[in-house]
*Asks:* 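Structure incoming, see below.
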Amino acid sequence: MLLTRFFTIIKDGFLKTFNFCGLERRAGYVVFLVFQVVWFCLYLQLFAMKSGEIAFVPLLLFILPLLSCGSRRINDAGYSRGVFILLLIAPYLLFPFLAFPASVARK
């Protein structure tokens, strides 16, 4: 049951790659971010180290879903859209703020 929920969150994260509006719950954001980091580290270890370069398509498969998920989480947490610039510059520095509960209570 829990594994099915994780797969659903990951699948939805990839399906919403080009959807930068809407909301993303805390659990969904954390699960998707951890999955993205793990698969990209495995990609770097297994494939990129052998060839010495990072391919463009896997890089896009990492960055675009991560940015859209972060954008939806910024909306859900109640932060200003200007925070998205921080997400572009340093997505992992913004992670603690987006992983905690929303800054304002939603109505």
*Asks:* When Ile, Leu, Val, Met, Phe, Trp and Tyr are grouped by side-chain heavy atoms lying under 4.5 Å apart, directly or through other members, which residues fall in the same group as Leu3?
*Replies:* Phe7
*Asks:* How long is the span from the CG atom in Leu88 to the CD1 atom in Ile85, to the nearest 0.5 Å?
*Replies:* 7.5 Å
*Asks:* Any chance you could measure Phe32, atom CZ, to Arg73, atom CZ, to the nearest 0.5 Å?
*Replies:* 15.0 Å
*Asks:* Do Phe20 and Asn75 touch side chain to side chain, with heavy atoms closer than 4.5 Å?
*Replies:* no
*Asks:* With hydrophobic residues grouped by side-chain heavy-atom distances under 4.5 Å, do Leu15 and Val31 end up in a single group?
*Replies:* no
*Asks:* Got a second to check how far Ile74's CD1 is from Cys21's SG, nearest 0.5 Å?
*Replies:* 13.0 Å
*Asks:* Check ring-ring contact (aromatic ring centres under 6.0 Å, His included) between Phe6 and all other residues, then give those that pass, not counting sequence neighbours.
*Replies:* none
*Asks:* Can you tell me which residue pairs pass the side-chain hydrogen bond (donor to acceptor under 3.5 Å, both in side chains) test with a partner in residues 32-47, sequence neighbours excluded?
*Replies:* Gln36-Trp39
*Asks:* Residues in ring-ring contact (aromatic ring centres under 6.0 Å, His included) with Phe62, at least two apart?
*Replies:* Phe40
*Asks:* Gly70 and Tyr29: which non-hydrogen atoms are nearest, and at how many Å?
*Replies:* CA-CE1, 3.8 Å
*Asks:* May I ask you to check whether Phe84 and Tyr79 place their ring centres under 6.0 Å from each other?
*Replies:* no
*Asks:* Should Val38 and Leu67 be regarded as members of a common hydrophobic cluster, given that ILVMFWY residues are connected when their side-chain heavy atoms come within less than 4.5 Å of each other, either directly or indirectly?
*Replies:* yes
*Asks:* Sort and list the pairs that fulfil side-chain hydrogen bond (donor to acceptor under 3.5 Å, both in side chains) and have at least one residue in residues 8-22, not counting sequence neighbours.
*Replies:* none
*Asks:* Roughly how far, to the nearest 0.5 Å, is the OG atom of Ser71 from the CG atom of Leu23?
*Replies:* 10.5 Å
*Asks:* Check Pro65 against Gly13 and note the closest heavy-atom contact, atom names and distance.
*Replies:* CB-O, 4.2 Å
*Asks:* For the CG atom on Leu46, are there more than 12 heavy atoms of other groups (residues, nucleotides or ligands in this structure) within a distance under 6.0 Å?
*Replies:* yes
